[in-house]
There are 2 protein chains.
Amino acid sequence: MTPDIAPIPHLDLPHPEPGDLKLTQVLFAFSDPERLAIVRQLASGPLDMAQCHLSDASTPKSTKSHLMKVLREAGIIRNEASGRGRRLTLRRQDLDARFPGLLACVLADTPDGAP
Amino acid sequence: MTPDIAPIPHLDLPHPEPGDLKLTQVLFAFSDPERLAIVRQLASGPLDMAQCHLSDASTPKSTKSHLMKVLREAGIIRNEASGRGRRLTLRRQDLDARFPGLLACVLADTPDGAP
DNA sequence: AGAAAAGTTCGAAAAATCTCGAACTGTCGG
DNA sequence: CCGACAGTTCGAGATTTTTCGAACTTTTCT
């Protein structure tokens with residue numbers, strides 16, 4: 001017999017509404033070097049997850065997925081299905097609208113201790 | 001007999017140099033609502049620690065001290081002995097010099113979800 | 001001097017995060 | 001259809017933060 005409940009595809013993950021972003025949550029998400037590096041990569045434009053590299057290439061997928069989850073739940077990135085993979089997009093407008101200047105000055109800082 | 005080692009006064013705590021502030025560490029320190037509230041109070045000017053209130057007035061001193069420690073070690077506030085207490089100062093210039101605009105947009109956000 | 005006020009530090013317990021493997025769901029190529 | 005890809009989710013263990021009391025130091029008041 002046909003199952004009475006849908007398989008619940010686990011694609012299209014939840015994203016917070018633009019107005020619901022919380023400053024402390026966003027700051028926390030930015031406060032990790034690995035996540036900040038991801039944000040910097042996305043600053044140049046959307047990227048397929050597979051093209052988005054971590055500092056350590058041998059990091060398990062589940063860990064990478066978790067980093068993305070923190071960024072997504074904070075409202076910093078959008079994560080949507082795209083073909084067999086996922087497309088990551090920086091939510092620049094939503095961030096700028098809610099916290100003007102924040103993204104700019106976070107991106108402005110030099111990744112390491114450069115001159 | 002006189003002790004041969006000095007008592008090592010535990011006043012004048014260590015503060016990072018202006019140039020040594022780390023973005024991720026600063027963001028992390030800002031990412032807690034209680035610490036952010038402290039920063040907002042200090043935005044109006046230096047305050048004696050005793051006049052700097054937490055959301056819950058019954059919080060133990062040691063907890064309050066720890067919150068200040070995180071802010072101090074990130075380079076966000078200065079904590080110096082003053083009389084029998086401690087004077088807290090927002091390191092506005094050092095922050096602005098190292099991360100232009102960051103403090104401004106963090107302070108600009110409304111504490112709660114205000115209109 | 002003695003006691004109270006104001007904080008810091010230390011250590012331990014509690015809570016939140018992170019990491020990673022295993023299992024699972026979809027998509028694409030043969 | 002079947003197997004390789006690409007990622008998410010779950011749970012357990014490891015690591016990091018937070019919380020709080022107790023002990024201690026310095027300053028001020030009487």
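Across the protein-nucleic acid pair, A/H66 atom NE2 and D/dA14 atom P stand 18 Å apart, rounded to whole Å. Between B/R87 atom CZ and C/dG7 atom P the separation is 11 Å, expressed in whole Å. Spacing between atom CZ of A/R84 and atom C1' of D/dA6 amounts to 8 Å, rounded to whole angstrom units. For A/K64 and C/dT17, the NZ to C1' distance is 20 Å, given to the nearest whole Å. Atom CG of B/L11 and atom P of C/dA5 are 19 Å apart (whole Å). Straight-line distance from the CG atom of B/L67 to the C1' atom of C/dT9: 15 Å, rounded to whole Å.
Two different hydrophobic clusters hold A/M68 and A/L13 under the rule that ILVMFWY side chains link at heavy-atom gaps under 4.5 Å. Linking Ile, Leu, Val, Met, Phe, Trp and Tyr residues whenever their side-chain heavy atoms come within less than 4.5 Å leaves A/V70 and A/L88 in two separate clusters.
A heavy atom closer than 4.0 Å to some atom of DNA chain C occurs in B/M49, B/A50, B/K61, B/S62, these being the qualifying members of residues 43-63 of chain B. For the segment residues 22-35 of chain B, residues with any heavy atom less than 4.0 angstrom from an atom of DNA chain D are, sorted by number, B/F28, B/R35. Interface residues of residues 69-82 of chain A facing DNA chain D, ordered by number: A/N79; criterion, heavy-atom separation under 4.0 Å.
Contacts of B/E34 classified as side chain to side chain contact (heavy atoms under 4.5 Å, CB included), with partners at least two apart in sequence or in another chain: B/D32, B/L54, B/S55, B/L67.
The closest side-chain heavy-atom distance from A/L47 to A/Q41 is below 4.5 Å. In this structure, A/L103 and A/V39 have side chains that are in contact, with non-hydrogen atoms separated by less than 4.5 Å.
Pairs of residues two or more places apart, or lying in two chains, never qualify as salt bridge (Lys or Arg N to Asp or Glu O under 4.0 Å) while including a residue from residues 57-66 of chain B.
The CZ atom of A/R78 lies 13.5 Å from the CG atom of A/L71; values are rounded to the nearest 0.5 Å. Taking CG of A/L90 as the reference point, atom CG of A/L107 lies at 7.0 Å (rounded to 0.5 Å). The CG atom of A/D48 sits 9.5 Å away from the CZ atom of A/R84 when rounded to the nearest 0.5 Å.
Taking every side-chain heavy atom of A/S65 into account, D/dT8 is the closest of D/dT8, C/dT8, D/dA6.
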Counting only pairs under 3.5 Å, give me each side-chain donor-acceptor contact of residues 19-31 of chain B, with atom names and distances, residues two or more places apart or in other chains.
| residue | atom | partner | partner atom | Å |
| --- | --- | --- | --- | --- |
| B/Q25 | NE2 | B/E73 | O | 3.2 |
| B/S31 | OG | B/F28 | O | 2.7 |

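At a cut-off of 3.5 Å, with distance as the only test, a side-chain donor of A/R86 or A/N79 sits close to an acceptor on the other residue.
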